[in-house]
Peer 1: 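Structure provided below as structure tokens; questions to follow.
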Amino acid sequence: MTFKSIAVSAVASPVLRNPHVKRPQTLVHLLQSCISGQTHHLHLQPIHAQSIISGLRSDLFFNNLLLNGYSKSGLLGYAQELFERMPERNMISWSSMISMYTQHNREEEALCLFSSFRWSSSDRPNEFILASVLRACVQSEAFDHAAQVHGLVAKLGLDSDVFAGTALINFYTKIGGMDKAMLIFYELPVTNSVTWTAVITGYSQIGKSVTSLRLFNQMKESRVQPDRFVLSSVISACSALDFLEGGRQIHGYVCRNGTEMDVSINNVLIDLYCKCCKVRIARRLFDWMVVKNLVSWTTMIAGCMQNSFDLEAMNLFVEMSKLGWRPDGFACTSILTSCGSLMALQQGKQVHGYAIKAKLESDEYVNNGLIDMYAKCGSLVDARAVFDAMIEHNVISYNAMIEGYARHEELVEAFTLFNRMRSGSLHPSLLTYVSLLGLSASLSVIDLSKQIHCLVIKAGVALDLYAGSALVDVYSKCLCADDARAVFDEMDLRDLVMWNAMIFGYTQNAQGEEALKLFHQLCVAGMRPNEFTFVALVTVASNLASLFHGLQFHSQIIKAGLDFDPHVSNALIDMYAKCGCIEEAWMLFDSTRGRDVVCWNSMISRYAQHGHAEEALKVFQLMRNEDIEPNYVTFVGVLSACSHAGLTEEGLCHFHSMKDKYGIEPGMEHYASVVTLLGRAGKLQEAKEFIEQMPIEPAAVVWRSLLSACREFGNVDLGRYAAEMSILKDPKDSGPYVLLSNIFASKGMWADAEKVRKGMDYFGAVKEPGYSWVEVHKEVHVFIARGREHPEADMIYLVLDGLMQLIKVFGYEPDTTELLMDDIND
DNA sequence: ATAGGGTTAG
């Protein structure tokens, strides 16, 4: 557009229909009221045109006013043309233009104009021009240039001016030179709320929010009235510190002060409440706000996402779009995270499409969010495509991608990327290691775990809560409870997750008593156990078959209101069944809502273990009636039920249906089960042939199943073969030696039995001693076969001898034919 | 001259 088009529009303007308006003095008033009004951009052009007609073309004062109006309306082109045509310019004209360019992020033009000013005018630049120029330098990150301008400011003696001084403070704040900024600040003879805001936000930005709050107090002491800018800055400092009480006080002040309607203040308040986990309060404030902007919506969505209110975040995102808001990169990043958490691939893809349309493809946050979303939804190929399309990667891009591979156990991909990251200039963060440790934990590879731990130590970063519990977890899963405990003890700070990891670690390592001890310490430390703690504890009770503990935990679970948690329910059902209370287990199972496949599996397996094969199969039928898809573990239970009950045909039928009907590839446990099934039916040869036809390499457990059957039916030849195969696979396991030796002993083949015993020593296999335990008055007493460790061993054996003699009187005769020689010689 | 919102892990 040119001045010609302005003139055309002037003719049609309703504002100028009144002839009085055309007088110069009236035009000035009209312009002034336009600038302070809301719709100035509509009237500026007609007024401009009229001013030319009314002879104001060369009026410096009027032109400066117009320049100001165009600048406020963002009509840069008109301002530029006017400025060029002005026959006369003063400091105000230059200053308006430079500050306009700066405000609209046209730093280069601002600096260029400053050069022409110095070139064409002999006047010294005033404090306003210098402040604008400094801001332009800072915005365009031309810090060297800014330092030169500082020199000029000092030369002109303007460094004690509030405007120039504040701009300088802002410059040093941006480059992290808080000391220098404070030096300038203390030299200023006059300060106002703008100056204070600059230093307060400066400290917040370098993470020293406490200093920000201290400065805010100093500001109030020096009787400077806080404005909405400082207030938002200070609230944001409170939010960074999780200082809810402080934030609330300022919220109260804001309400008394009359700034409660300010959008920005409310935005930071929403942020504060969300960061302090008060999402409901934040949401109420958000709903109450009459005027909202894009930041209000984004803050609310981010707050929901950060507190795992993912569905609410999604709804807000849809709502804002419907209301016509165009979500920016910030909103997209947050919503992508929520899509990932909800595994909402479809919605995630829609956001991806929108992001492309909205030209957000170069936003690193959005890209990282996309990687995370696709990885969480299981689309690793798409995640990688986004990753590869990025020009530059940061640590988060790598971490999100590595975490995706780790979660899906893509070992090679994860470590290839990890090495690529290390060979570049990017340093892996603790988060990277946490992901890799998670992978290592799910694979339970101790060497790998230790190597990663070494890298963490070499990196020289102190463990945080995440890394600490990841290490506790990985060592527990690798069956190194002592190493896990060493990490646990080394931590300065422990949260509930860490305690749970250690308690669960002991559970996995069959050190139930240590787990119980730790639970006691947890309570002493004033922590409140959650569903994870109770799952571990109930599992301990289950492993120890201690109904006493199980009942106690169950009542604590009810008190804590956690009895409807599906994982807790599963653990309880398992515990009751393990403790022999199969009916209680069934009752609990029956009353559980939303039973998942794990729940059904545990009921099936437990019935099978108790020899209630019919019940187990009935539950399996019920499960299918309820359309619950059986999985790998389900069939372990079903096959075990069939083999216990001698249901050979039915068992084989289920075995075949596994792959044919449900598409589940049978694993070692299933093959072993079928061998047991055939073996129990006496079909030893068939069992052997079955093993030989297995599509996977039979593990020791499969041969041992056959061996057990051979022992049952006294088949020496096949038994010998099965034992050899089993020992070949796992020489350290004492089981096959014992079983084979038993076969020989039962046939009176003592020399062969002796040979097997020697072979056992040769391979270093040690028979695990049998344990038994009894619980008396909340204390578990453990006994090893023939052990004398118990403090009252003498008395116990005395009573035992008495009992033996008593049962012999009633006609009991111990069966010694199948005992190991070891036992006979004893 | 000054303020406010975003990503990865146990």
Side-chain angles (χ1 to χ4, degrees), chain A residues 99 102 127-128 130-132 134-135 138 161-171 173 192-202 204 227-237 239 262-272 274-275 293-303 305-306 327-337 340 363-373 375-376 394-404 406-407 429-438 441 463-474 495-498 500-501 532:
Chain A
S99 97
T102 310
E127 60 275 25
F128 302 112
L130 288 168
S132 281
L134 271 168
R135 184 177 154 190
V138 170
D161 172 79
V162 210
F163 274 72
T166 309
L168 281 171
I169 290 170
N170 203 34
F171 159 53
T173 298
N192 57 24
S193 66
V194 184
T195 334
W196 284 96
T197 309
V199 286
I200 287 172
T201 36
S204 283
D227 62 2
R228 58 209 173 91
F229 291 90
V230 214
L231 290 170
S232 358
S233 195
V234 174
I235 294 169
S236 131
S239 150
D262 185 79
V263 189
S264 293
I265 287 192
N266 282 311
N267 291 346
V268 276
L269 280 170
I270 290 172
D271 184 56
L272 166 85
C274 286
K275 291 261 155 62
N293 62 15
L294 190 61
V295 178
S296 325
W297 285 92
T298 316
T299 311
M300 195 63 238
I301 289 174
M305 178 272 288
Q306 285 151 353
D328 62 0
F330 286 78
C332 288
T333 308
S334 297
I335 209 64
L336 281 170
T337 309
D363 187 316
E364 60 170 24
Y365 282 84
V366 172
N367 279 317
N368 292 342
L370 281 168
I371 294 172
D372 175 56
M373 183 276 293
K376 288 235 173 69
N394 60 16
V395 184
I396 294 170
S397 330
Y398 271 99
N399 286 353
M401 199 62 234
I402 290 173
E403 164 62 18
R407 187 145 295 195
S429 63
L430 272 181
L431 227 128
T432 326
Y433 294 113
V434 170
S435 295
L436 294 175
L437 285 169
L463 294 179
D464 64 359
L465 288 172
Y466 285 88
S469 44
L471 280 167
V472 169
D473 185 56
V474 79
D495 63 357
L496 189 57
V497 181
M498 178 102 56
N500 286 344
F532 290 90

Peer 1: Go through DNA chain B in 5' to 3' direction and return only the first and the last nucleotide with some atom under 4.0 Å of chain A's heavy atoms.
Peer 2: dA1(B) to dG10(B)
Peer 1: What contact category does Gly329(A) fall into here, base, sugar-phosphate, or nothing, at under 4.0 angstrom with non-hydrogen atoms?
Peer 2: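 Here Gly329(A) touches the bases of the nucleic acid.
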Peer 1: Within the structure shown, what part of the strands sits under 4.0 Å from Val268(A) by heavy-atom distance: base, sugar-phosphate, or nothing?
Peer 2: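 Sugar-phosphate contact only - Val268(A) comes under 4.0 Å of backbone atoms but never of a base.
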Peer 1: Students often get this wrong, so: under 4.0 angstrom with heavy atoms, is Ser296(A) touching a base, only sugar-phosphate, or nothing?
Peer 2: nothing
Peer 1: With heavy-atom distances below 4.5 Å as the criterion, would you say the side chains of Leu465(A) and Val497(A) are in contact?
Peer 2: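 Result no, sub-4.5 Å side-chain heavy-atom pair not found.
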Peer 1: Is there a side-chain contact between Asn170(A) and Leu134(A) in this structure, where contact means two heavy atoms from C-beta onward sitting under 4.5 Å apart?
Peer 2: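 Not touching, per the 4.5 Å side-chain cut-off.
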Peer 1: Kindly compute the distance separating CG (Asn266(A)) from CG (Asp271(A)), expressed to the nearest 0.5 Å.
Peer 2: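 One gets 12.5 Å once the value is rounded to the nearest 0.5 Å.
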Peer 1: Looking for any heavy atom pair under 4.0 Å, which part of the strands does Met305(A) touch: base, sugar-phosphate only, or nothing?
Peer 2: sugar-phosphate
Peer 1: Is there a side-chain contact between Val268(A) and Leu272(A) (heavy atoms, below 4.5 Å)?
Peer 2: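 Result no, sub-4.5 Å side-chain heavy-atom pair not found.
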Peer 1: How close do Ile265(A) and Ser232(A) get, counting heavy atoms only, and between which atoms?
Peer 2: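 The answer is CG1-OG, 4.1 Å.
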Peer 1: Answer yes or no: is there a donor N or O on one side and an acceptor on the other, between the side chain of Asn399(A) and the main chain of Ile402(A), under 3.5 Å?
Peer 2: no
Peer 1: What's Asn192(A) touching, base or sugar-phosphate or nothing? Going by heavy atoms closer than 4.0 Å.
Peer 2: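 Base contact.
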Peer 1: Base, sugar-phosphate or nothing for Val234(A)? Non-hydrogen atoms, less than 4.0 Å.
Peer 2: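 Contact class for Val234(A): none.
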Peer 1: Taking side chain as C-beta onward, heavy atoms only, is Ser397(A) less than 4.5 Å from Asn367(A)?
Peer 2: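 No; the side chains remain at least 4.5 Å from each other.
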Peer 1: Describe the nucleic acid contact of Ala167(A) in one word from base, sugar-phosphate, nothing, applying a heavy-atom distance below 4.0 Å.
Peer 2: nothing
Peer 1: Once you apply a heavy-atom cut-off of 4.0 Å, does Asn293(A) come out as touching a base, just sugar-phosphate, or nothing?
Peer 2: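 Counting heavy atoms under 4.0 Å across all strands, the contact made by Asn293(A) includes a base.
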Peer 1: Reckon Thr299(A) touches a base, only the sugar-phosphate, or nothing at all at heavy-atom distances under 4.0 Å?
Peer 2: sugar-phosphate
Peer 1: Look at all strands and tell whether Asn394(A) reaches a base, only sugar-phosphate, or nothing, counting heavy atoms closer than 4.0 Å.
Peer 2: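 No contact.
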Peer 1: Categorize Arg135(A) for me: base, sugar-phosphate, or nothing, with a 4.0 angstrom heavy-atom threshold over every strand shown.
Peer 2: sugar-phosphate
